[in-house]
Q: 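My questions all concern the structure below.
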Amino acid sequence: MDDVVSRALAIVEESFITSSGPGGQNVNKVATAVQLRLNVFALRLSPPVFNRLKAAAGSRMTSKGEIVLTARNYRTQEANRDDARARLSALLEDAQKEPKTRKKSRLNRVGKEKRIKAKKNRGTIKAGRGKVQF
């Protein structure tokens with residue numbers, strides 16, 4: 001797993017943009033927000049991992065196969081860079097984890113009979129709640 005993350009962090013393109021929102025002159029003058037671009041095809045992922053990554057990235061993945069992450073939570077470039085890289089590595093690690101397959105539950109004969117008996121009992125209770133007819 002760490003191999004893919006280290007390859008991704010080596011080929012990622014960083015650009016610094018001005019952040020939006022409140023902050024006065026600091027926001028207007030200093031480009032503190034970080035935008036990461038990663039070409040997923042350059043990682044040469046297996047098809048199942050690629051599909052999980054595509055699903056996890058959602059709208060952050062472009063039609064050209066690039067993941068675009070923008071980090072602007074902090075006031076400094078360094079903190080935003082670390083945040084963006086951490087989010088990217090978490091996204092890649094989650095995509096590499098294979099989901100557990102659901103196993104069909106089995107119910108034995110005694111369990112079936114018990115369930116049906118409980119349903120019948122509940123039905124008779126509900127049937128007794130109606131209007132009394134003379």
Side-chain angles (χ1 to χ4, degrees):
M1 276 199 252
D2 297 326
D3 181 42
V4 172
V5 174
S6 60
R7 280 189 300 165
L9 293 177
I11 62 171
V12 72
E13 296 174 15
E14 292 179 350
S15 59
F16 298 100
I17 55 176
T18 56
S19 186
S20 62
Q25 289 182 345
N26 189 57
V27 170
N28 298 331
K29 291 192 307 186
V30 184
T32 56
V34 178
Q35 192 175 56
L36 294 183
R37 288 186 172 271
L38 173 67
N39 185 357
V40 179
F41 298 122
L43 294 176
R44 307 236 184 256
L45 299 172
S46 64
V49 174
F50 174 76
N51 290 332
R52 286 194 297 265
L53 180 62
K54 188 175 179 181
S59 63
R60 294 174 290 195
M61 186 175 228
T62 64
S63 59
K64 295 179 182 177
E66 288 184 331
I67 293 180
V68 180
L69 288 176
T70 305
R72 57 176 59 144
N73 294 335
Y74 301 101
R75 286 179 60 91
T76 62
Q77 277 186 359
E78 293 79 21
N80 282 328
R81 178 189 284 152
D82 293 341
D83 180 40
R85 286 177 172 254
R87 285 174 29 206
L88 180 65
S89 62
L91 190 68
L92 290 169
E93 286 175 4
D94 286 345
Q96 289 182 354
K97 291 178 186 170
E98 195 168 331
K100 292 182 180 178
T101 56
R102 182 185 178 278
K103 293 178 182 166
K104 189 176 178 181
S105 59
R106 290 184 56 212
L107 194 62
N108 57 11
R109 181 183 52 82
V110 176
K112 279 185 185 176
E113 289 174 0
K114 191 174 175 182
R115 181 180 62 85
I116 291 172
K117 187 176 179 182
K119 282 173 66 91
K120 292 280 188 189
N121 188 24
R122 190 77 183 142
T124 56
I125 291 171
K126 288 186 174 187
R129 290 184 187 159
K131 286 187 178 181
V132 178
Q133 295 180 355
F134 296 105

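Positions are given from 1, in the same order as the sequence printed here. Keep in mind that what you see is a predicted model, and the values were worked out from it rather than measured.
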Q: Taking all heavy atoms of Ile17 and all of Gln35, pick out the closest pair and write down the distance.
A: CD1-CB, 4.5 Å

Q: Which heavy atom of Leu107 sits nearest to which heavy atom of Arg115, and what is that distance?
A: CD2-NE, 4.3 Å

Q: Sub-3.5 Å donor-acceptor pair from the side chain of Arg85 to the main-chain atoms of Leu36, do we have one?
A: no

Q: Tell me every residue that passes salt bridge (Lys or Arg N to Asp or Glu O under 4.0 Å) with Arg60, counting only those two or more places apart in sequence or in another chain.
A: none

Q: What distance do Glu14 atom CD and Leu38 atom CG have between them, rounded to the nearest 0.5 Å?
A: 11.5 Å

Q: Report, one line per pair, each donor and acceptor closer than 3.5 Å where one atom sits in a side chain of residues 45-56; sequence neighbours left out.
A:
from  : atom 1 : to    : atom 2 : distance (Å)
Asn51 : ND2    : Pro47 : O      : 3.2
Arg52 : NE     : Ala95 : O      : 2.8
Arg52 : NE     : Lys97 : O      : 3.4
Arg52 : NH2    : Ala95 : O      : 3.3

Q: Nearest 0.5 Å please: distance from the CZ atom of Arg87 over to the OG atom of Ser89.
A: 11.0 Å

Q: Taking Asn80 for the side chain and Asn73 for the main chain, is one N or O donor matched with an acceptor at less than 3.5 Å?
A: yes

Q: Going by heavy atoms in the side chains, are Asp83 and Val34 under 4.5 Å from each other?
A: no

Q: Can you pull the ring pair (Phe, Tyr, Trp, His ring centres under 6.0 Å) pairs that have at least one residue in residues 74-106, sequence neighbours excluded?
A: none

Q: Any side-chain heavy atom of Arg81 within less than 4.5 Å of one from Phe16?
A: yes

Q: Take Glu113 and Lys117, measure what salt bridge (charged side-chain N to carboxylate O under 4.0 Å, His left out) needs, and give me the verdict at the end.
A: CA-CA 6 Å; Glu113 289 174 0; Lys117 187 176 179 182; over 6 Å; no

Q: A side-chain contact here means heavy atoms from C-beta on lying under 4.5 Å apart; do Lys119 and Arg122 qualify?
A: no

Q: Are Val40 and Val68 in one and the same hydrophobic cluster, where Ile, Leu, Val, Met, Phe, Trp and Tyr link if side-chain heavy atoms are under 4.5 Å apart?
A: no

Q: Hey, could you give me the OG1/CZ distance between Thr124 and Arg129, rounded to the nearest 0.5 Å?
A: 10.5 Å

